[in-house]
There are 2 protein chains.
Amino acid sequence: MKCYKCLSKSEAAHNLDAEQLSKMESNCGQVKYEAGEVIFKQNALSSNIIYIRKGLVKTTLEINGRQQILKINKAPAYLGLPTTIGDKINHYSAVSITDVSACIIDINVFNELLRVNSDFSYDIILSLCKSELEYLNACFNRMQKQSAGRLAESLLYFSESIYNADAFTLPLTRCELGNLTGNSREIVSRTLQKFHQDEIIAIDGKLIKILDKKRLNQICKSG
Amino acid sequence: MKCYKCLSKSEAAHNLDAEQLSKMESNCGQVKYEAGEVIFKQNALSSNIIYIRKGLVKTTLEINGRQQILKINKAPAYLGLPTTIGDKINHYSAVSITDVSACIIDINVFNELLRVNSDFSYDIILSLCKSELEYLNACFNRMQKQSAGRLAESLLYFSESIYNADAFTLPLTRCELGNLTGNSREIVSRTLQKFHQDEIIAIDGKLIKILDKKRLNQICKSG
DNA sequence: AAAATAATGTGATTTAGGACACTAATCGGA
DNA sequence: TCCGATTAGTGTCCTAAATCACATTATTTT
């Protein structure tokens, strides 16, 4: 597919002219991943920028056998800008959690585009800044809140930022939800159960419906 | 002082030509802060980029009366790029923890420089990427390790990244060290005491000397 | 130098949440 | 359609760490 008529082009890529787009196009692979595939791996050499056109991807950090899900990345989004530009090796892994369509862009071409098109590079700066603000928020959330607050935050995040719906199918297992929120699998189970009992949410396996968003927000905010 | 002969210019600013530097110079204030002064405040409108030429600054996030120190920023460094470029209001505060010399750069001028000089903007992208990788590391550190591991990490950070010395004067109170590492004041006291008893460090008030770096590293890594 | 304020050290108590052990359910493949 | 393998729920126990409550020191302030 040609980049210039791509409908899921990134905000930044709208600043590229025909020549620059065709340059990108000829150095860019279009790939499809099924759910659960590794897109790139922590500690591997990083030589590509990934642009997610469709789907959800988790970025994870693993040390000493312990795994932390850093973020749920939703299309459209660049993946691994920091880890590809900021260092030679990947500081984290990326794994698809739904079916994913992605463009794999050569880092050298990407860097060249950053050099020649300042509108493009400014948009990249913007997105890096916004992503950092998100991380800081998440950092606070995880550090200063306790179990229920962190979990409430995650549910609201899925509802508001990922699915834009009160009811959704959680794309993660309880264990992964634990890795995302810094809880054990058991605590996730119990806390969700508790929310269910209190009629804040309804659960049916992975299907979750937020019944009392106000109360969930309160739990999230008060910690 | 003229920017073009400034010796503590940022890496990025070395890419600016004479004209661009003079543009920056005429829209830039040089300010000195004593330890403990607020440089910018969370929730205030953000209209300046701060460049720290000398000193240490803590960035802090406060919600519901709970405070989290996000990072100890050491000169030379830009402060608040994400919060100034990424949003209209500051998502966090910055407070000097030593005497600080800083340049206050108007955001509009800074943005203009990003637009006209792609080498400058590439270096800014680089520093944003590196800073994000640092945050991710810190995030993991704080999430997955327990008290002693987090504290060990902080001591090593001060020793290796801030002071480049085994002995140093901690620039934070026990309480602040708690806010940085996600511990209570009491646990910080007790754990430092414990390290002292085990002859891993020597303490005299704020003076800290690392005696057994190997063991401290091990505590840091194993969590 | 005295008084006020803030920072630190320490014991006792409480509690959130992790670990383990097991059962039940659900999924995915041949 | 059956079987092994993940995934989920739940009770019990235990530990790390927060909190409380003071005692004790530094540091400012006047």
Side-chain angles (χ1 to χ4, degrees), chain A residues 34-37 58 64-69 95 97-99 141-155 169-198 201-208 219 222-223, chain B residues 34-37 58 64-69 95 97 141-154 169-198 201-208 219-220 222-223:
Chain A
E34 287 173 39
E37 283 193 79
K58 64 174 176 178
N64 290 341
R66 293 180 145 277
Q67 187 172 86
Q68 173 70 50
I69 297 183
V95 178
I97 53 182
T98 64
D99 288 0
N141 182 56
R142 292 170 186 179
M143 286 297 284
Q144 299 281 2
K145 287 178 190 167
Q146 53 196 50
S147 189
R150 297 197 301 264
L151 215 50
E153 213 266 354
S154 271
L155 294 179
T169 305
L170 202 67
L172 305 176
T173 66
R174 300 287 191 269
C175 184
E176 286 176 306
L177 197 51
N179 290 339
L180 176 65
T181 58
N183 289 302
S184 67
R185 182 184 68 76
E186 291 94 328
I187 290 293
V188 171
S189 265
R190 272 187 260 263
T191 310
L192 288 180
Q193 226 64 43
K194 180 92 188 340
F195 287 168
H196 185 62
Q197 276 166 34
D198 297 350
I201 63 173
I203 319 180
D204 178 15
K206 294 231 162 95
L207 232 147
I208 290 192
I219 293 171
S222 69
Chain B
E34 286 172 40
E37 282 193 80
K58 63 173 177 179
N64 290 341
R66 293 180 145 278
Q67 186 172 86
Q68 174 69 51
I69 297 183
V95 178
I97 53 182
N141 182 55
R142 293 170 186 178
M143 284 297 283
Q144 299 280 3
K145 286 178 190 168
Q146 52 195 51
S147 188
R150 298 197 300 265
L151 215 49
E153 213 267 353
S154 271
T169 305
L170 202 68
L172 304 176
T173 66
R174 300 288 190 269
C175 184
E176 287 176 305
L177 197 52
N179 290 338
L180 176 65
T181 58
N183 289 304
S184 68
R185 180 183 70 74
E186 291 93 330
I187 291 293
V188 171
S189 264
R190 274 188 261 260
T191 310
L192 288 181
Q193 226 66 43
K194 180 91 187 343
F195 287 167
H196 185 62
Q197 275 166 35
D198 296 351
I201 62 172
I203 320 180
D204 178 16
K206 296 229 160 98
L207 233 147
I208 290 191
I219 293 171
C220 169
S222 68

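We name chains A, B, ... by the order of the sequence lines, and we start the count at 1 in each one.
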Quiz item: Under the side-chain contact (heavy atoms from CB on, under 4.5 Å) test, which residues partner A:Gln146, sequence neighbours left out?
Solution: none
Self-check item: Heavy-atom closest contact (B:Ser222 atom, A:Asn64 atom, distance)
Solution: CA-ND2, 4.1 Å
Self-check item: Segment of DNA chain C, first to last nucleotide, that comes within the 4.0 Å heavy-atom reach of chain B
Solution: C:dT8 to C:dA12
Exercise. Work out which heavy atom in B:Gly182 is nearest to a heavy atom in A:Met143; give both atom names and the distance.
Key: CA-CE, 3.4 Å
Quiz item: Which residues pass the side-chain hydrogen bond (donor to acceptor under 3.5 Å, both in side chains) test with A:Glu153, sequence neighbours left out?
Solution: A:Asn141
Self-check item: side-chain hydrogen bond (donor to acceptor under 3.5 Å, both in side chains) involving B:Ser154 - partner list, sequence neighbours excluded
Solution: none
Practice problem: Please name all residues satisfying side-chain hydrogen bond (donor to acceptor under 3.5 Å, both in side chains) with B:Arg185, sequence neighbours left out, ordered by chain then number. | Solution: none
Practice problem: Quickly work out the B:Arg66 CZ to D:dA17 C1' distance and round it to whole Å. | Solution: 12 Å
Practice problem: Report the distance from atom CZ of B:Arg174 to atom P of D:dA17, rounded to the nearest whole Å. | Solution: 18 Å
Practice problem: Return the set of residues passing side-chain contact (heavy atoms from CB on, under 4.5 Å) with A:Thr169 (not counting sequence neighbours), or none when no residue passes. | Solution: A:Lys206, A:Leu207
Practice problem: Kindly calculate the angle separating the two end axes of the helix from C:dA1-D:dT30 to C:dA30-D:dT1, each obtained from five base pairs, and round it to 10 degrees. | Solution: 60°
Quiz item: Just by modelled atom types, is the A:Ala35 backbone N or O under 3.5 Å from a matching donor or acceptor in the A:Asp99 side chain?
Solution: yes
Quiz item: D:dG9 P sits how many Å from A:Ile203 CD1, rounded?
Solution: 7 Å
Restricting both atoms to N or O, compile the protein contacts to nucleotides 28-30 of chain D shorter than 3.5 Å, with distance only.
none

Practice problem: Grab the NE2-P distance between A:His196 and D:dA8 for me, whole Å please. | Solution: 16 Å
Exercise. Using side-chain contact (heavy atoms from CB on, under 4.5 Å) as the criterion, list what pairs up with A:Glu176, not counting sequence neighbours.
Key: A:Lys58, A:Ile69, A:Leu172, A:Thr173
Quiz item: Atom CD of A:Glu176 to atom P of D:dT7: distance rounded to whole Å?
Solution: 8 Å
Quiz item: Between B:Glu37 (side chain) and B:Val95 (backbone), is there a donor-acceptor pair under 3.5 Å?
Solution: no
Self-check item: Partners passing side-chain contact (heavy atoms from CB on, under 4.5 Å) against A:Thr191 (at least two apart in sequence or in another chain)
Solution: A:Ser147, A:Ala148, A:Leu151, A:Ile187, A:Phe195
Exercise. Would you kindly give the CG-to-C1' distance between A:Leu192 and D:dT7, to the nearest whole Å?
Key: 14 Å
Quiz item: For DNA chain D, which residues in residues 179-190 of chain A have a heavy atom at a distance below 4.0 Å?
Solution: A:Arg185, A:Glu186, A:Ser189, A:Arg190
Self-check item: For B:Asp198, all residues meeting side-chain hydrogen bond (donor to acceptor under 3.5 Å, both in side chains), sequence neighbours excluded
Solution: B:Lys194
Practice problem: For B:Arg150 and B:Thr181, work out which heavy atoms get closest and say how close. | Solution: NE-O, 2.6 Å
Quiz prompt | Atom pair distance, as rounded to whole Å: CG in B:Asp204 and P in D:dT25 | solution = 14 Å
Quiz item: How would you label the contact of A:Lys206 with the nucleic acid (heavy atoms, under 4.0 Å): base, sugar-phosphate, or nothing?
Solution: sugar-phosphate
Self-check item: B:Arg66 side, atom CZ; A:Gln144 side, atom CD - distance, nearest 0.5 Å
Solution: 5.0 Å
Self-check item: Whichever of A:Lys145 and B:Thr173 has its nearest DNA chain C nucleotide further upstream toward 5'
Solution: B:Thr173
